Structures are given as C-alpha cells and as structure tokens.
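Reviewing the structure listed below.
All values reported here derive from a predicted model rather than from experimental measurement. Letters A, B, ... mirror the listed sequences (proteins, then strands); counts begin at 1.
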2 protein chains.
Amino acid sequence: MKIESVDIALTSSAASIICEALKKAIVEGRLKDGEPLRQDEIARLFNTSRIPVREALTMLEQQGLVATQRYKGAVVAGISPEEASEIWEFRALVEGEVIEAAVPKMTAATLDEAQTHLAAFASAAGPMEWGDWNRKFHIVLYRASGLSYHLSVIEKTLDRVDRYIRAQLSLSNGLARADTEHRAILAACAAGDAAAAKALTRQHILGAKANLLESLHRD
Amino acid sequence: MKIESVDIALTSSAASIICEALKKAIVEGRLKDGEPLRQDEIARLFNTSRIPVREALTMLEQQGLVATQRYKGAVVAGISPEEASEIWEFRALVEGEVIEAAVPKMTAATLDEAQTHLAAFASAAGPMEWGDWNRKFHIVLYRASGLSYHLSVIEKTLDRVDRYIRAQLSLSNGLARADTEHRAILAACAAGDAAAAKALTRQHILGAKANLLESLHRD
DNA sequence: GTAACGGATATTGGATACAATAACCGAAGT
DNA sequence: ACTTCGGTTATTGTATCCAATATCCGTTAC
C-alpha cells in the first residue's frame, strides 16, 4: 500500500519564492518603475537572510525586470517608448506566427477554456483581473501550438510589459476594444482559419501599440 | 585639464565574471551536456567563495544554459531534437525579420565589417574560430537594424545553441556551404535587396536545421 | 554664499560557518 | 542473493559576519 504523499516544497527554494512574489508585484504594477528594492527590507518581509533575496534579484535582473548597479542596488526596470514600440512589433511577429501554428491543433477543450477566460475577462471587476484573464486567454490559444520555446519567449516578454498592457486596458475603450478583438480572434480559431487568427492577433497587438504610444505622447 | 580615466572593474562583479567564463565554456562546447558544475570546485578555480558561484549559476539557469535541481546541483542543459527543431524555426522567423529591417539601414562600414568577418571565417583554422566568425558575421548585419530587443533575444537563443552550430560547421560540407550562403546573404545586403536577404537568411537557417536533424537521426 | 573636503551612516558584495538534504556504502535480516 | 535499514560523506541552501563602496551632511576655506 502506498502512503499519501504530498510534495512539500520539493521545487521551491526561498530564492524562487521571493523571485515569484517580486515578479508578481512588478508585473501587476504594484512596484513602480525605478522603485528601489532594498535587500534587507525584502529579507525582513520574507523572514530570511539577504542571501536568497540576492539570488531572487539576480533572477529578476536576468529576466529584465530589475536593473542593478554595483554597490547601488536594484530598481524596477522601466521601459522607454522606443523599447515599447519595438517590443510590440516583436510580439506581433512571434505571437502572430504562434497562433497561426496553433489553430490547426486546437481542440474543443482549448476553445472552451478560451471562451471561459473571455467571459471572465468581460465580467471582471478591476484592472488586475482584466490583466490576468486577458493574458490567460491569449496564452491558452498559443499553448495549443506546442511550441514551447516560442511560448517561453512570449511569457518572458509579457512579464516585461504586462503592467503596461494592464494600464492600457484601464483606459477608455481599452476594455471594450480588447473584448471585441478577443471575440474575433476566438471566432477565427473556432472556424479553423489560421491566417485570419494570425492577422487579427497582429492587429490586436499593433493597435494596442499605437494606443500605448499615443497615450505616452500625451504625457 | 582632465585626467585620463579608466574604468577599473566598475561593471564587473565576481559573479558576472564567473558567469561569462562558464557561459563561454558552455557555448564553445568545452563543457558537455549533462556535465555537473560543482560549486566549490568552481569557487576554487576562481579563488572565491561559493556565493558568487551560486549567483553565476543562477544567471546561467535563467538563460537556459544550465539546469538546476534543489540539493542536487547544476548540470549543463542539453537540448532535445524536438527543441532544436523548434529553435531553428524560431531563429528563421526572428533573424529573417531582423535582417529584412536591417538592410535599408546598413552603411558601408557595416558591409565592410561583415566582409572582414567573412574573410576571417573562410581562412580560420578550427571549429572554435569558425563558430566565432560565423556568429560575428550574422550579428553585425542584424545590429544594423537597431532592433535591440530582437537582438537580445537572438543573442540569448544563439548562446543556447551555438555549440550545435559549431558542431554542424565541422561536418563535411558544413564550412563550404556556410561560406557560400554567407556570400549570397552579404551580396543581397550590398544590393539593398531586403526581401532576398530575408529569404536567404531563412534558407541558411532552415537548411542548417535539416542538416542538424539528419545528423542527429543518424546516431 | 559656494564649492571642496572629510567623516558618519547606510547599503551592497563577499567570506565563513552552520543546517538540510541527497548519495553512497556496509551490515543485518530473510 | 536480495532487500532494508542505519550511518557516513559529499553537496547544496541559508544565516551570520566582515569588507568595500556609495550617500549624506557638516565643516572649512576662499
């Protein structure tokens, strides 16, 4: 007879727990651009020494989420309008290609799950939830492609810019427009029209890019 | 009057020095897939404690060059044929797009530098040099695009697979074929034909993918 | 008043020491 | 012979302590 076994922290080191918590705070925009991340302050928050905190900050720096200067510490890494513009072009390129490859492999379960996320997105209460469901909707569709390397690059890129997407969704028409475009993308996927899904995804991303740059320009 | 000032280790921490050294060894294929990386052994090599070694390994894990298991240590991360196939497709997508954007921005200096690397490639002595000049040739052309985010993704991807490219160059016809294709790509760039440069780059990468999979299949 | 210098404080980088876990090995029992 | 248990060793994860550097602030010279 087998004993009921539960994985107790088999994959979680203190560093990765801290890294994930900080990443979540950055991605959700709770930590603002340029905000300093003090090692001993974070260490106190997690009841650890500074060693795992430093490893977590090293991970985040490698992911481009924080910028570190020797003997000066880490700050949340911002993004310039030029970088934003380029990253949205990159997203259109890669996400367009991935959804095109994904459409022929989508199952009913894929479409169901996407539909669920779309409904949750439409009836969500605040910017944080919008961002979560928006991302889940897209990722579910991409995942059907089975292109794990492409997916990992997409996820890292989204980590880098997700807070700007959330801000975008909060603007006037941001939510309604995204919802409309999501429905069109899902319809194309359900119809098995890979070319249309790719084109709509590209428009979805490049339209958001134009909006973002416009709002940045107004400041 | 101003004093001649030299940056003395302003940007170099022990961790990043160790990281770069290990990365070079992995990229050049001197550390084989699955080879364990012991913390205290590396620490002795660099005359440091294990702390900066651990940070270096953390960086390499984030870059996908090593795989770590809790309480078991880090090993050089290999790559499956499926992953290789997907990564070469990814390269064709991104590098094709980047060189297309780069062609209109190339200067005479860009083409000169690429030509120099191409000549060095053709007259290089061994696999290591071939790999170095091959990579420099492509990167110089890509850099003209000014697409820094795309470039950073390409560099990280190349770090991950460069040793397989080097192995490929060492095979029969690998070097001659690469040289021929490089000349064609450079000619298209010099002629200002962005579409041709893109198509030739894609063929260059996808042909190498086919060769790689074939050689993997023979084993 | 202002700029340059010097010391006090805060913060990070690294070394050492200890705790937790895995791998190995040998002995005992069946 | 095979399995299982226990202990020993090797290796990693973390805490504590010290060194190196930056920042702040008062003082002083002009």
Are the side chain of [X] and the backbone of [Y] linked by a donor-acceptor contact shorter than 3.5 Å?
X: A/Ser85; Y: A/Pro81; result: no
X: A/Ser16; Y: A/Ser12; result: no
X: B/Glu86; Y: A/His150; result: yes

Grab the [atom1]-[atom2] distance between [X] and [N] for me, whole Å please.
X: A/Tyr71; N: C/dT12; atom1: OH; atom2: C1'; answer: 7 Å
X: A/Phe46; N: D/dT14; atom1: CZ; atom2: C1'; answer: 16 Å
X: B/Asn47; N: C/dG13; atom1: CG; atom2: P; answer: 21 Å
X: A/Arg44; N: D/dA15; atom1: CZ; atom2: P; answer: 14 Å
X: A/Arg38; N: C/dT9; atom1: CZ; atom2: P; answer: 18 Å
X: B/Glu55; N: D/dT14; atom1: CD; atom2: P; answer: 13 Å
X: B/Ile18; N: C/dG13; atom1: CD1; atom2: P; answer: 14 Å

What nucleotide among [options] has an atom nearest to a side-chain atom of [X]?
X: B/Arg70; options: C/dG14, D/dT14, C/dT12; value: D/dT14
X: B/Thr48; options: C/dA15, D/dG13, D/dT12; value: C/dA15
X: B/Pro52; options: D/dT16, C/dA22, C/dG14; value: C/dG14
X: A/Arg50; options: D/dT12, C/dG13, C/dT11; value: C/dG13

Discussion item. C/dT11, OP1 or OP2 - any side-chain N/O from A/Lys72 closer than 4.0 Å?
Written reply: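 It does not, given that no N or O in the side chain of A/Lys72 lies less than 4.0 Å from OP1 or OP2 of C/dT11.
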
Item to complete: Output yes when at least one side-chain N/O atom of A/Gln39 is less than 4.0 Å from OP1 or OP2 of C/dA10, else no.
Response: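 A/Gln39 to C/dA10 OP1/OP2: no side-chain N or O under 4.0 Å.
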
Worksheet item: If you pin B/Asp40 and A/Ile51 to their nearest nucleotides in DNA chain D, which one's is more 5'?
Response: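 Closest to the 5' end, via its nearest nucleotide, is B/Asp40.
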
Discussion item. Checking salt bridge (Lys or Arg N to Asp or Glu O under 4.0 Å) between B/Glu155 and each of B/Arg135, B/Lys23, B/Arg91, which is the one that passes?
Written reply: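 That would be B/Arg135.
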
Item to complete: Name the nucleic acid region contacted by B/Leu57, choosing base, sugar-phosphate or nothing; use a 4.0 angstrom heavy-atom cut-off, strictly under.
Response: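 Since no nucleic acid heavy atom lies under 4.0 Å of B/Leu57, the category is nothing.
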
Worksheet item: With under 30° as parallel and over 60° as perpendicular, where do the rings of B/Trp133 and B/His117 fit, or are they tilted in between?
Response: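 Judged by the thresholds at 30° and 60°, the geometry between B/Trp133 and B/His117 is tilted.
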
Worksheet entry | C/dG14 base / A/Arg54 side chain donor-acceptor hit below 3.5 Å |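 For A/Arg54, whose side chain was compared with the base of C/dG14, there is a donor-acceptor pair (under 3.5 Å).
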
